[in-house]
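First up is the structure itself, then whatever we jot down about it.
Remember, it's a predicted structure, so these values are computed and weren't measured experimentally.
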Amino acid sequence: MTQQKAIGPHTGTPRTEPAKTRSSDRYIFAAGSLTWALAQWFLVWLFAQVGGGAAAVGQYSLTLAVVTPVFIIGQFGLRTVYLSLQTSFTWVSYLILRLIGIGISIVIVGAYYQLNPELNVRLLAAVVFVRCFDVYLDILYARFQRENRLLLIGLHSLVHNFGTMTIAFVAIWLTESIPLTILCVGFGAMMVAVSAQRYVVKTPPEPGTIKGGYRRILRAGTPTTVSETLAALSTYLPILFLSVIADDATTGVFATAAYLLTAVNLSGSTLKDILITSFRWTFEASGSCALLKRAHKIAGIIMLTVGATIPIVILAGSPVLQFIYGEEFSLTYWELTILSIAMLPIASSYIYEGTLNVLNAYSGQAWIWFLACSCGVGVGLLVINTPGIPPIIGALAVAVTTGWGRFIGAFALAFRAQRRTHTNKRP
């Protein structure tokens, strides 16, 4: 794709216009995002079938629960800042900060292991190895996205995700070792990162950028870092809770069932991305009252739709889990009922979060996740100190609390932002 030169609005410096995006590029980009979730599920299924059953899945899930929030902290929200900060700093500044963040994340994980040596160090090292390249790829994708090269992101993502599944399938059969399998997946991620880096090196530097800016970048990325870290923590909170009171097999059974929550999260995120532009149009044409009214309607329809699937989840959930993962992956009707209650508000929460974005109430995201995590931690501590509660019931109670805490927070803050916007517009 060719690029045209234009004049910057303030500096008069020639700048490079983003490449035009075709519809097919967007579809490939979306496919790359969706196959990431498929690849993560495939690893869990593979470890359940070949790698050692529920205990192996539990160890892997716990390792992810420890490593993922730490590496999100080390990302410093750089991708969001690079794509949205009005002052353009050089690409090298972001690259240096990303490498520093990776180093800090490795040190934090190492310190955590010193405090918790019961973790599988080989598995921990392999997951950290993969995460380093995933995080590095994230900032390379930001460079592509800034230039509107969604096709490059989509193609690299598809190769990465299908490569992960293929490499993992071959490696687990040859080695029968989860750490070695994850390590092989890491080498695949490294090759994708090398390919993406080659495109970045070939791209001419953006004109009119400013050197340095490290403090400004980090300051701008702090709200995103806090929000994303709390979001990841709330997702993995039930698993971290189970690591305190249950064995690896119990954690593994819960982790496989919790992929239902992941599927609802993915659906809600996709709906938010689809609707957010039309939400902005509604706000610009009819104001914040009409926007919130529309959000209520859509959120209600989504909740009714999800609610209609609850009887299927309760009645068919355990046989489906056992068919996919194995006989030891079973849940009772009561456990499936609580799981269904946990999944009910998730997708609707994304609708109100999209409303907050349109109303430019960005700091509200952090408060939503803070409320969700606080509620989840509170219930987790209560369950730990209450004898006789089965571990999976306790973990599901944490999931219910975080999910509904997030929904209530998003609903309340959207209503508050709408009232504030409506008041400010009065003559």
### Task
Measure centre to centre between the rings of Phe42 and Trp45, then say whether the value is under 6.0 Å.
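Yes.
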### Ring-ring centroid check Tyr214 Phe89, cutoff 6.0 Å
no
### Query
With distance as the sole criterion, is a donor-acceptor pair present between the side chains of Thr262 and Asn265 under 3.5 Å?
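No donor-acceptor contact under 3.5 Å links the two side chains.
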### Query
Side-chain donor-acceptor pair under 3.5 Å between Gln145 and Tyr82, yes or no?
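Side-chain D/A pair, Gln145 to Tyr82: absent.
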### Message
Walk me through whether Leu62 and Leu240 qualify under side-chain contact (heavy atoms from CB on, under 4.5 Å).
### Response
CA-CA 7 Å; Leu62 177 58; Leu240 292 171; 4.2 Å; yes
### Message
Could you walk me through whether Ser278 and Arg294 satisfy the side-chain hydrogen bond (donor to acceptor under 3.5 Å, both in side chains) test, starting with their C-alpha distance in whole Å, then the side-chain angles of each, then the deciding distance to 0.1 Å, before giving a yes or no?
### Response
CA-CA 10 Å; Ser278 64; Arg294 186 182 176 201; 3.3 Å; yes
Any heavy-atom pair between the side chains of [Y] and [X] that's under 4.5 Å?
X	Y	value
Thr251	Ser243	no
Ile324	Trp41	yes
Ile351	Phe279	yes
Ile346	Arg406	yes
Leu99	Tyr136	yes
Tyr141	Ser157	yes
Leu64	Arg131	yes
Val313	Met343	yes

Donor-acceptor check, side chain of [X] to backbone of [Y], threshold 3.5 angstrom: yes or no?
X	Y	result
Thr256	Val253	yes
Thr402	Ala399	yes
Glu335	Thr332	yes
Thr63	Gln59	yes
Asn120	Arg122	yes
Gln49	Tyr325	yes
Ser318	Leu331	yes
Asn161	Gly32	yes
Thr401	Ala397	yes
His156	Leu152	yes

Quick one: pull up [atom1] in [X] and [atom2] in [Y] and give me the separation to the nearest 0.5 Å.
X	Y	atom1	atom2	answer
Leu344	Phe407	CG	CZ	8.5 Å
Ile96	Leu78	CD1	CG	11.5 Å
Thr68	Glu228	OG1	CD	12.5 Å
Ile167	Ile172	CD1	CD1	13.5 Å
Asp134	Phe71	CG	CZ	9.5 Å
Ile298	Lys293	CD1	NZ	13.0 Å

#### Entry: CA sep, side-chain torsions, deciding dist, call: Trp91, Val200, side-chain contact (heavy atoms from CB on, under 4.5 Å)
CA-CA 10 Å; Trp91 162 250; Val200 170; 3.7 Å; yes
[X] atom [atom1], neighbour heavy-atom count above 12 within 6.0 Å:
X	atom1	result
Phe169	CZ	no
Trp36	CH2	no
Glu328	CD	yes

In a table with atom names and distances, give each donor-acceptor pair under 3.5 Å that connects a side chain of residues 366-385 to protein atoms at least two apart or in another chain.
residue : atom : partner : partner atom : Å
Ser374  : OG   : Phe370  : O            : 2.8
Asn385  : ND2  : Leu381  : O            : 2.7

### Summary
When every non-hydrogen atom of Ala395 is compared with those of Pro238, the smallest separation belongs to O-CB, 3.6 Å
So if I apply the side chain to side chain contact (heavy atoms under 4.5 Å, CB included) rule between [X] and each of [options], which one comes out positive?
X	options	value
Ile314	Leu339, Thr337, Thr309	Thr337
Arg79	Leu140, Asp138, Val135	Asp138
Thr35	Leu158, Val159, Thr164	Leu158

### Task
Dump the intermediate steps for side-chain hydrogen bond (donor to acceptor under 3.5 Å, both in side chains) on Tyr352 and His296, then the final yes or no.
CA-CA 8 Å; Tyr352 290 113; His296 289 330; 2.8 Å; yes
### side-chain contact (heavy atoms from CB on, under 4.5 Å) between Val67 and Tyr112, intermediate numbers included
CA-CA 10 Å; Val67 172; Tyr112 182 89; over 6 Å; no
### Message
I'd like to know whether Tyr259 forms a side-chain hydrogen bond (donor to acceptor under 3.5 Å, both in side chains) with Gln40, so could you lay out the CA-CA distance, the side-chain angles of the two residues, the decisive distance to 0.1 Å, and finally the verdict.
### Response
CA-CA 10 Å; Tyr259 266 85; Gln40 303 311 302; 5.8 Å; no
### Test side-chain contact (heavy atoms from CB on, under 4.5 Å) applied to Ile182 and Tyr60, step by step
CA-CA 10 Å; Ile182 298 297; Tyr60 175 65; 3.8 Å; yes
